[in-house]
Protein chains: 2
Amino acid sequence: MVRKSASGRIGIADVAVKAGVSHATVSRVMNGNFTVDPEIAARVRAAAVELKYQPNPVGRSLALGKTDTIGIVVPDLANPTFQAILRGLSRAAAQDGYRVLIADSFEVSSEETILAGEARRRCDGLVLCAPRMSDAELEEIAPSLRPLVLINRTTAAAGVPSLVVDYGQGVQDIAEHLVELGHTRLAFLAGPPRSASNNLRLQGLEAFKAAHPQVEVTMLEGGSDFDTGHGAVDAVLESGATGILAFNDLVAMGLMSGLHERGLDVPGDISVTGFDDIPFAKYTTPTLTTAAVPITELGEQAWHQLRALIRNEESDAPGSRYQPKLEVRASTGPAKAARTAVHG
Amino acid sequence: MVRKSASGRIGIADVAVKAGVSHATVSRVMNGNFTVDPEIAARVRAAAVELKYQPNPVGRSLALGKTDTIGIVVPDLANPTFQAILRGLSRAAAQDGYRVLIADSFEVSSEETILAGEARRRCDGLVLCAPRMSDAELEEIAPSLRPLVLINRTTAAAGVPSLVVDYGQGVQDIAEHLVELGHTRLAFLAGPPRSASNNLRLQGLEAFKAAHPQVEVTMLEGGSDFDTGHGAVDAVLESGATGILAFNDLVAMGLMSGLHERGLDVPGDISVTGFDDIPFAKYTTPTLTTAAVPITELGEQAWHQLRALIRNEESDAPGSRYQPKLEVRASTGPAKAARTAVHG
DNA sequence: GCGTTGGCAGAAAGCGTTTTCTGCACAACG
DNA sequence: CGTTGTGCAGAAAACGCTTTCTGCCAACGC
């Protein structure tokens, strides 16, 4: 005869009856309120243990107006970058007793707004990860999502800190590295068109071109996964470039794989670079030259910013900027004597 | 003067006042209840839109006794296998309007019980992914976690379906493949000791050894990540084996990387196999022979099982068993003429 | 014309907590 | 001895929603 309430689950009322006290007293004991007689407190605790009472978090959330949960919206859970951010976020939040609710928009930007709103209402705060929506839309909904932290995106809306990676500087560093190796014809395998980080890369390349007018930089359409890289082999060869900047490590790996299949040597014939420095980059053959982004740390910092917002509404969180670090490995080498385009 | 209630957020009461009706009517309209006068319904909807009213999910959850959220507990969010399961689960659940709360136990088995309990109380159901806890503990807490679905683990507790991959058969298939290539000395780079899937692999190897007494199988200690494989090069060479079964693809990749650094050829000198067929396996050099597990589908099926349990308490879900499929790629080849151990 | 039904909206009772407010008992003080 | 204070537990309100129950009014049948 343990279960008393209709729902089947035992609640605070059952403990109260068992201990012969009121609901209020049970609540006080469970929350460590000291204005309760030690003897009664002990009786309540004993009853709670005996009944295996566990407070219902939903009722608690309603009363307290907080859920101890934060949400994260990502464009694609299959992307290692977002996985790493999620991991860092989850780990950091867990240390402060918060849980993470995930929402995957599957690169459908129209879904993002809805998902973000729904997630926010269930949580105490939200992390919006590289949202694909337009600047205008982002700025419009941002206020209603606060406390909100942005990753790899900025907005004019007030009180919304941003954590951004300086992809522009990153690609410049990589391009410089290739130039130092003697490459004069480069190609950039671009990422998803709606990706803000892709735009930052493009801006970086513009700056690079301005500083190095003698270097030819071809822009190639792309995406963000293996297959993009693997399928870009023809376009890459056609460009005649000897140094390829892939959008990220995945694309670079796909490209290297495709080049190997054609019997080309990396970096003997063509140098390939990635971006992000995912764990796999150290174990490719050849190991991949890339720009390391402290991705997991990014997730961790996102939590710290969000926590500041949740705890103290007034804290003006400035956000921060991360500099990628060039990791020179074995996929880049001296430029071969000038190649001519394979086709045309 | 939009916000009326003390909390700042606009609630059902504000809409009721604005539309000149009662709370109940607003609720009815918002939930598509047709026993309401169309004209009044329109007025309510107009008020809701104008006030940008969005129902508070917490209040809703408390009243309805459901959260439209499920939880998943994984031992390590950094592991691609669990990431893939999470992805499949999240995607499938999202299609039915459910969200996913994640809990990472960081391989600390004592945390699992707590995390699982907490997650369960916040959700309508739980997926326990390859839990590291003991059989006894699992069986004890399983009833309190229902609706519950297990992945890669079984329990005697009733009404808890399990989705398990037949790792035992998988390693046998791989071992057979190596034997057919002429290998007579094999080595198994084991995974985490507490991993149930590792035990299944070991059982499979025992069966294999019984069927092939002429083949020598060395057991080597290991883990589940790159570094394990990379650090196992010495032990592998020392074993004198020419065919290596790595615990999973990550370990295999680390091992291949280490072998390359020693100037050894895969598969010329040594054949290496993985397990799981993570997306990267197709893009390693050489491409990796492995046993493909439909991991994402596993997550998807987990949701289907869980959904059945949530919707109909009586549905006895049997769980299911997945057969890995051997994927022969370029990391395995004919055995070289018998090698002797490098050391000793 | 009156009683009965049925449609539809409001009142109110939950859901399971927390927390304020109320009230009792006892001690201290004038 | 009466008054004020203090400590502590219970009553009740609040959180924001759903849903049952109640009640009003009109229509219908006899």
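Given the structure is predicted, the values throughout are model-derived calculations rather than measurements. Values below: all heavy atoms of this structure, side chains included; hydrogens, waters and symmetry mates excluded. Letters A, B, ... mirror the listed sequences (proteins, then strands); counts begin at 1.
- Across all non-hydrogen atoms, the minimal contact from A/Pro75 to A/Cys129 is CD-O, 3.3 Å.
- At the heavy-atom level, A/Ser27 lies under 4.0 Å from base atoms of the strands shown.
- The distance between atom NZ of B/Lys66 and atom C1' of D/dT18, rounded to the nearest whole Å, is 12 Å.
- OP1 or OP2 of C/dT18 lies within a sub-4.0 Å distance of a side-chain N or O belonging to A/Asn31.
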Step by step, work out the side-chain contact (heavy atoms from CB on, under 4.5 Å) result for B/Leu309 and B/Arg146. CA-CA 8 Å; B/Leu309 290 177; B/Arg146 291 175 54 196; 5.9 Å; no

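- When the side-chain nitrogen and oxygen atoms of B/Tyr53 are compared with OP1 and OP2 of D/dG16, none of them lie within a distance under 4.0 Å.
- For the side chain to side chain contact (heavy atoms under 4.5 Å, CB included) criterion with A/Leu138, the lone passing option out of A/Thr155, A/Val160, A/Thr113, A/Thr154 is A/Thr155.
- Between the C1' atom of D/dG10 and the CG atom of A/Asn33 lies a distance of 14 Å, rounded to the nearest Å.
- Put simply, the side chain of A/Leu148 reaches to within 4.5 Å of the side chain of A/Leu128, judged on heavy atoms.
- No engagement by B/Phe34 is indicated, since no non-hydrogen atom pair under 4.0 Å with the nucleic acid exists.
- The side chain of B/Arg28 contributes no N or O atom lying less than 4.0 Å from OP1 or OP2 of D/dT19.
- Between the C1' atom of C/dC8 and the NE2 atom of B/His23 lies a distance of 18 Å, rounded to the nearest Å.
- Side chain of B/Ala63, nearest nucleotide from C/dT18, C/dG10, D/dT18: D/dT18.
- We find that CD of B/Glu39 is positioned 10 Å from P of C/dA9, with the value rounded to whole Å.
- A/Val21 comes within 4.0 angstrom of the backbone, heavy atoms only, and of no base.
- Of the candidates D/dA9, C/dA9, D/dG16, D/dG16 carries the atom nearest the B/Leu62 side chain, counting heavy atoms from C-beta on.
- C/dT17 atom P lies 5 Å from atom CD1 of A/Ile12, rounded to whole Å.
- Atoms CD1 (A/Ile40) and C1' (D/dC8) sit 8 Å apart, rounded to a whole Å.
- B/Ile141 places a side-chain heavy atom less than 4.5 Å from the side chain of B/Met133.
- Taking every side-chain heavy atom of B/Asn56 into account, D/dG16 is the closest of D/dA9, C/dT17, D/dG16.
- Nearest-nucleotide positions on DNA chain C place B/Val36 closer to the 5' end than the other of A/Val58 and B/Val36.
- Between B/Arg9 and D/dG16, a side-chain N or O to OP1/OP2 separation shorter than 4.0 Å is absent.
- Atom CD1 in B/Ile10 sits about 9 Å away from atom P in D/dC17, given to the nearest Å.
- Going from atom CG of A/Leu86 over to atom OG1 of A/Thr81 covers 12.5 Å, rounded to the nearest 0.5 Å.
- Counting to the nearest Å, the C1' atom of D/dT19 and the CE atom of B/Met30 are 17 Å from each other.
- Under 4.0 angstrom from either OP1 or OP2 of C/dA9 there lies no side-chain N or O belonging to B/Thr25.
- Each of C/dG16, D/dT18, C/dA11 was ranked by its minimum atom distance to the side chain of B/Ala24; first place goes to C/dA11.
- Of the two residues near DNA chain D, A/Gly59 and A/Arg43, the one whose nearest nucleotide lies more 5' is A/Arg43.
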